[in-house]
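The chains referred to below are lettered A, B, ... by the order of the sequence lines, with proteins before strands, and numbering in each begins at 1. Bear in mind that the values here come from a model prediction, so they are computed numbers and not experimental data.
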Amino acid sequence: MAQIGQVLVDVPTMQTNDPYSYAIPAELEHQVEVGMRVTVPFGRGKRVVSGVVVGLSDVTNFDGQLKSIQSVLDLAPVLNTELQQLADWLADTTYAFRITCIQTMLPNLLKAQTERFIQPTTPLTATEMATYFPDGAPREFDAAKLDDQTVSGLLKLQRAGKVEVVYQVKDRAAAKTTTGITPALPVSKLQEIQVTVAKKAPKQADLLAYLQTMTPDTPVAQSQIVHRAGVSAAVINTAADKGWLTKQQIEVYRDPFHQPVKPTQPLKLNAEQQVAVDQITTAIDQQKVQNFLVEGVTGSGKTEVYLQSIAVALNQGRTALMLVPEIALTPQMVNRVKARFGQRVAVLHSGLSKGEQYDEWRRIDSGEATVVVGARSAVFAPVKNLGIIIMDEEHESSYKQDENPRYHARDVALWRGQYNQCPVVLGSATPSLETRARAAKGLYTRLVLAKRVNDRPLPPVHIVDMREEVKQRSEGDFSQPLLTAIQTRLDRHEQIVLLLNRRGFSSFVMCRDCGFVLKCPNCDISLTLHMDTHTMKCHYCGHEEAIPHVCPNCHSRKIRYYGTGTQKVEQALQREFPSANILRMDVDSTRRKGAHERILQKFGKHEADILLGTQMIAKGLDFPNVTLVGVLNADTALGLPDFRASERTFQLLTQVSGRAGRASKPGEVFIQTFNPDHYAIQLAQQQDYERFFVTEMHMRHQGSYPPYYFAVQLTASHEEEAVAAKAMFQIVAALKKGLSPDAIILGPTPKAIARVKRKYYYQVVIKYKQEPQLKPVLEQIRQAAQVPARHGLSVTIDSEPMNFM
DNA sequence: TTGGCAAGATTC
DNA sequence: AATCTTGCCAAA
């Protein structure tokens, strides 16, 4: 039996990034396993923290007095062997702490929290008791919540040894329980009683009859019995008193899906779909690590290919993981999977409560659920024996996490495919350049679905040159052709989707006399006007203030709104079409839980004529009555300092264009732009992904950008601009010294938005092809960043960054 | 000398 | 992250 446990403590720092050795006390010897969470004493005081056992051994190379594991938080490991290895790989490739990686992989509820209490050790004076312990009991000790005087007073008492701090690690993982019922008598006996009470107490007889149908020793929830036997809780209580049945607490899953889904059968595939399914099937059959790129235009039936591929894996007794972007994880989508695979499906996404997430996680962990559908973090679902991994809308930037660990779900999916010897299927109508380039190199098998399932042609796309429009009409967000087109649809009672590209765009307040722009006091960006709350808000830190009526700079009254916010467009639109019903969908109108779905449902039922929204309306919606799609400002993203600006614009325009005329009615698309000649817009009009790919690859080659080069972004931030800048210059010096001359170092430069939440940001981007010294150099920078970190300087490393802002 | 505080080191 | 340790200041 192992004597020593290697524990990663829940303290995310460089110094504690390696496991610490703890003795395993005899009474826990048979309980502790690798992958379990434990609590351990940590530090010279009485501090207790949670940790994860990552190894067992009989020896340790720590030459000191070992402390003992205090308690075990799990009955079974929460990390299986695969996920343990994955955590190590993740920490290694993303430059994140190992414990942070593990926390990210586990459901939120398994993140134990420590609480600190302070209590007297010796009788205190009456005054001291009254001042510090008014309740006469130990109190929670959180320096941030108490005022300075109380804190210093308590610390003084602590130094005098009169009070002590005690720790408690609170595990929040709690399965939901309900009252369960088991028959307490054999069937024959129950039947006997049933006959005697039949006349006088028919309800009791009903209950007795039901009890006879139950499997012995298998409790059924009381609520179920009330429902099925048609008896009240009072009847059950009486029965319990008479000793006919016993009550006990049983664990149940919180069921986030109340409405039953009607099962569906596999659809007939067209030739292209069949080829795709056949190839994927072969890979599953042969347990081959063969990865696929399914490149299918909107409406080409990618989902059906996914579903039938999943069915193949399930038929072989294996499991399936399907990743979709959070925004596409609508009930529409989830129901399609549930309809095909029923109870075997588990869904993981942020819309579920913590408890529901934990329950879905347990259903997967126990093997009860064999199909997992979820957003980014679902890639860590504890599914065993994976037969296929699918990643839909592969190009979506939301697959990359923009906090530590900065992982890309695609990389994790490929790792798990390798581990499980199963194919990974990446699907998109507009694949990322990285993926498409890898397919070109033969790393992925490319499966093209060029035909739309109903053979409907893609809608005609019109480009409206807004430069001309502005010349002719003075101002406004709508061009004449678009207004005419909207009117036509309204007359025909057809629906319209209008997209306002909000990336890098907002409505701000500017003084027309002196040019003063109202800015956030904490961040380096202008405040956005919000008409619903009648305030100016900062989109980065949440700062809020009143709308000025007089310019704070020159006291002019001519301070006006500029730019285009959804609310402003909605008002203008309403003015143009007073009788039209408009639904607005943006960050504000969808903040409340489920608001997103409610708006879509309303629109689906044709309770509105026009759906006006931001990026979020571009994804996966299928409304047959929509015959017109308008993009109000196609090019606001093009000017951004990001080498993916063209790619994002092309993807967005192609995706929205696919939203028009999906059923029997023909559709039409209008794209308003100030850059009508830009290749991203031209090629989106022609829906020509291949030519866009070739053109953009050429641009990337010219600029030495991914996918020709790898990229790493380093960022330093501090409240004082000079400190952040100086740190970045030192980092650049270290990079230049350690890396080969072939590495291209861009910067240091202030970030595009240089100041966010009172901090200044400086960044540098390294582009490289082969750089064996990169990892050690970055590790060294990470080490060096530990010391100044406490003075408010933080340094982050982002491998293959998606966000350059 | 004491005691109060910030910077630095240490945590199996 | 949260202690404990160290080194330096001034008050007493």
How close or far is atom [atom2] of [N] from atom [atom1] of [X], stated in whole angstroms?
X	N	atom1	atom2	result
A:Glu115	C:dA1	CD	P	18 Å
A:Asp10	B:dT11	CG	P	19 Å
A:Lys46	C:dA1	NZ	C1'	20 Å
A:Gln15	B:dC12	CD	C1'	14 Å
A:Ile118	C:dA2	CD1	P	14 Å
A:Phe97	C:dA1	CZ	C1'	11 Å
A:Asp18	B:dT10	CG	P	17 Å
A:Leu8	B:dT11	CG	P	17 Å

Reckon A:Pro41 touches a base, only the sugar-phosphate, or nothing at all at heavy-atom distances under 4.0 Å?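 Touches sugar-phosphate only.
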
Listed by chain and number, what are the side-chain contact (heavy atoms from CB on, under 4.5 Å) partners of A:Gln103, not counting sequence neighbours?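 Applying side-chain contact (heavy atoms from CB on, under 4.5 Å) to A:Gln103 gives A:Asp10, A:Ile99, A:Lys111.
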
List for me each residue that meets salt bridge (charged side-chain N to carboxylate O under 4.0 Å, His left out) alongside [X], sequence neighbours excluded, and say none if there are none.
X	answer
A:Asp63	none
A:Glu82	A:Arg416
A:Arg410	A:Glu394
A:Lys775	A:Asp92

With respect to the side chain of A:Arg44, which nucleotide from C:dA2, C:dC4, B:dC12 is positioned closest?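 Closest nucleotide to the A:Arg44 side chain: C:dC4.
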
Which of residues 61-69 of chain A sit near DNA chain B, with a heavy atom under 4.0 Å from it?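 Output list: A:Phe62, A:Gln65, A:Leu66, A:Lys67.
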
Would the base of C:dA1 count as contacting A:Arg47 through its side chain, where contact means a donor and an acceptor less than 3.5 Å apart?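 Side chain to base: pair present.
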
Going by the angle between their ring planes, with limits at 30° and 60°, are A:Phe42 and A:Tyr20 parallel, tilted or perpendicular?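 Taking A:Tyr20 first and then A:Phe42, their aromatic rings sit tilted (interplane angle of 30° to 60°).
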
What I want to find out is whether A:Glu721 reaches A:Lys726 closely enough, with some N-O distance under 4.0 Å, to be called a salt bridge.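 Looking at A:Glu721 and A:Lys726, the cut-off is not met.
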
